[in-house]
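Worksheet for the structure shown next.
In what follows, chains are A, B, ... by sequence order, proteins preceding strands, each numbered from 1.
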Protein chains: 2
Amino acid sequence: MPDRAPDPLVAEEPSLTPRHQEALQQFILLWGEMASHWGINRTMAQIHALLYAAERPLDTDEIMERLQISRGNANMNLRALVDWDLVRKTHQIGSRKDYYTAEQDVWKITTTIIEQRRKREIKPVQQALAACTTTLRTGEPLTNEEAQFVDRIDNLADFIDVFEGFTSAFLPFLQSRSGEQVKRVIQFAQKVRRTKNGEHDDG
Amino acid sequence: MPDRAPDPLVAEEPSLTPRHQEALQQFILLWGEMASHWGINRTMAQIHALLYAAERPLDTDEIMERLQISRGNANMNLRALVDWDLVRKTHQIGSRKDYYTAEQDVWKITTTIIEQRRKREIKPVQQALAACTTTLRTGEPLTNEEAQFVDRIDNLADFIDVFEGFTSAFLPFLQSRSGEQVKRVIQFAQKVRRTKNGEHDDG
DNA sequence: ATTTCGTTTCAATGCGGAGTGAAAGATAAG
DNA sequence: CTTATCTTTCACTCCGCATTGAAACGAAAT
């Protein structure tokens, strides 16, 4: 039966200097703000920022304390982060608690986020677009205006396909932390562009 | 209720077939939904969808009517769309009203959106990250943990720089509607990756 | 078995950003 | 000038989504 120090609730990180605390605060707020501009849960991003910046695994209580959020909230968003593969549960000997750590490699983090968002959002859109054209093609032949609309939807769908190809071609680069390779491809792209310039027209 | 109201203001689009109406509805809802997943105002996206799908310029009242939104709302979001360069004001002879049209080229639309979001969101993040490190470097030399944190912030900032380069290298391709060129670059990217594979190590 | 320590769920609540609409502002026509 | 027509603003309201917290659940220790 391990008896604990009677220092129950005030769990300020003792090892952080004031300016470290402040910078961490800035960082967390920034990350949350940015995320919410991209349709990602603010708190989820704040937890992620905290874990990214943390020098060691944190448990739920520490996260609650630092971000001033409820247990339920912390738990839900931690689950989401684990589900997104951005955070891992770990354990420490002598404790039954779950501890959490975030991936440290920014390239991997980005890859993961892109992959996850792609998985969750591209396919449904493609299906929904298909559903639109299906609605239009039901029954009678298309009127001119309907045909025009179908064309526009198709343009969109085609574009999304190319974009998909583009993304899946480049994800492996990010995954393998190969900044140099990315730069090579950028240079090639610029060359292709100069070479081909003027050849394209919209006739 | 009477079978037909003689109200001259109820201006249902007479030329749209029921299925066209329905598909349009689906399309608009889809677009709005998707946008809100990406941190973009739902109504703004719905207006954009409506204008993208429309076969002719629409005025504010038509937009209000179709989307069931207030004049103020329509106006604000139209302004935003014009500000984003996604929609243009046009005029018709014999009318003082403003009419609105959306760009039809999906490549251009995408370019524009990416450019705008970059403009609005990348720079502020870079500055805020810089501010974090400034906070840390104020006064005393860095402790070990502080130095570690600075490193992580720097990693992030560096990554954003590369990403910026990547984006600005590829935007011109989208702008010029050059799907073919994009495909060439993708192929090259894949070749580079195969070639270099195994050369990178993490030592 | 019971107790203890942790996690998860979910109905109820709260908050911030989106939307409203009346009033003010613009601009063209008379 | 005044009127008529259309646009813009902004203080207030409202709604959807995030958050809460208490109760249920689970699993290790005893």
Original post:
With sequence neighbours excluded, what pairs up with A/His20 under the ring pair (Phe, Tyr, Trp, His ring centres under 6.0 Å) test?
Top reply: B/Phe149
Original post:
Can you list every ring pair (Phe, Tyr, Trp, His ring centres under 6.0 Å) pair that touches residues 125-144 of chain B, not counting sequence neighbours?
Top reply: none
**OP:** Keeping to residues at least two apart or across chains, list the ring pair (Phe, Tyr, Trp, His ring centres under 6.0 Å) pairs with something in residues 123-147 of chain B.
**Re:**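 Checked against ring pair (Phe, Tyr, Trp, His ring centres under 6.0 Å) - neighbours excluded - no pair reaches residues 123-147 of chain B.
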Original post:
Does one side chain, of A/Thr135 or B/Gln26, offer a donor that lies under 3.5 Å from an acceptor on the other?
Top reply: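 Per modelled atom types, A/Thr135 and B/Gln26 side chains form a pair under 3.5 Å.
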Using the side-chain heavy atoms of [X], tell me which of these nucleotides is nearest: [options].
{"X": "A/Arg71", "options": "C/dT8, D/dT20, C/dG17", "value": "C/dT8"}
{"X": "B/Thr60", "options": "D/dT20, D/dT7, C/dG19", "value": "D/dT7"}
{"X": "B/Asn41", "options": "C/dA18, D/dT20, D/dA18", "value": "C/dA18"}

Under 3.5 Å, which donor-acceptor pairs do the side chains of residues 82-92 of chain B form with other protein atoms, sequence neighbours left out?
| unit_1 | atom_1 | unit_2 | atom_2 | d |
| --- | --- | --- | --- | --- |
| B/Lys89 | NZ | B/Asp98 | OD2 | 3.3 |
| B/Thr90 | OG1 | B/Tyr99 | O | 3.3 |
| B/His91 | NE2 | B/Asp98 | OD1 | 2.8 |

Original post:
In residues 91-101 of chain B, which ones come under 4.0 Å of DNA chain D, going by heavy atoms?
Top reply: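 Heavy-atom cutoff 4.0 Å gives B/Arg96, B/Lys97, B/Asp98.
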**OP:** Could you list by number each residue of residues 74-85 of chain B showing a heavy-atom separation from DNA chain D of less than 4.0 Å, or answer none if no residue does?
**Re:** B/Asn75, B/Arg79
For the pair made of [atom1] in [X] and [atom2] in [N], what is the distance, rounded to whole Å?
{"X": "A/Gln68", "N": "D/dG21", "atom1": "CD", "atom2": "P", "value": "11 Å"}
{"X": "B/Met64", "N": "D/dC6", "atom1": "CE", "atom2": "C1'", "value": "12 Å"}
{"X": "A/Asn73", "N": "C/dT7", "atom1": "CG", "atom2": "C1'", "value": "15 Å"}
{"X": "A/His37", "N": "C/dG16", "atom1": "NE2", "atom2": "P", "value": "14 Å"}
{"X": "A/Ile40", "N": "D/dC17", "atom1": "CD1", "atom2": "C1'", "value": "16 Å"}
{"X": "B/Leu67", "N": "C/dT20", "atom1": "CG", "atom2": "P", "value": "10 Å"}
{"X": "B/Met44", "N": "C/dG17", "atom1": "CE", "atom2": "P", "value": "17 Å"}

Original post:
Charged N to carboxylate O below 4.0 Å: is that the case for B/Arg118 and B/Glu164?
Top reply: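 Here B/Arg118 pairs with B/Glu164 in a salt bridge, since their nearest N and O are under 4.0 Å apart.
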**OP:** Return the set of residues passing side chain to side chain donor-acceptor pair (under 3.5 Å) with A/Arg117 (not counting sequence neighbours), or none when no residue passes.
**Re:**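 If we apply the side chain to side chain donor-acceptor pair (under 3.5 Å) test to A/Arg117, skipping adjacent residues, the hits are A/Glu121.
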Original post:
side chain to side chain contact (heavy atoms under 4.5 Å, CB included) with A/Ala74: which residues, sequence neighbours excluded?
Top reply: A/Thr60, A/Met64, A/Ile69
Subject >> salt bridge (charged side-chain N to carboxylate O under 4.0 Å, His left out) contacts in which one or both residues fall within residues 37-47 of chain B, not counting sequence neighbours >> reply: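 Qualifying pairs, neighbours excluded: B/Glu33-B/Arg42.
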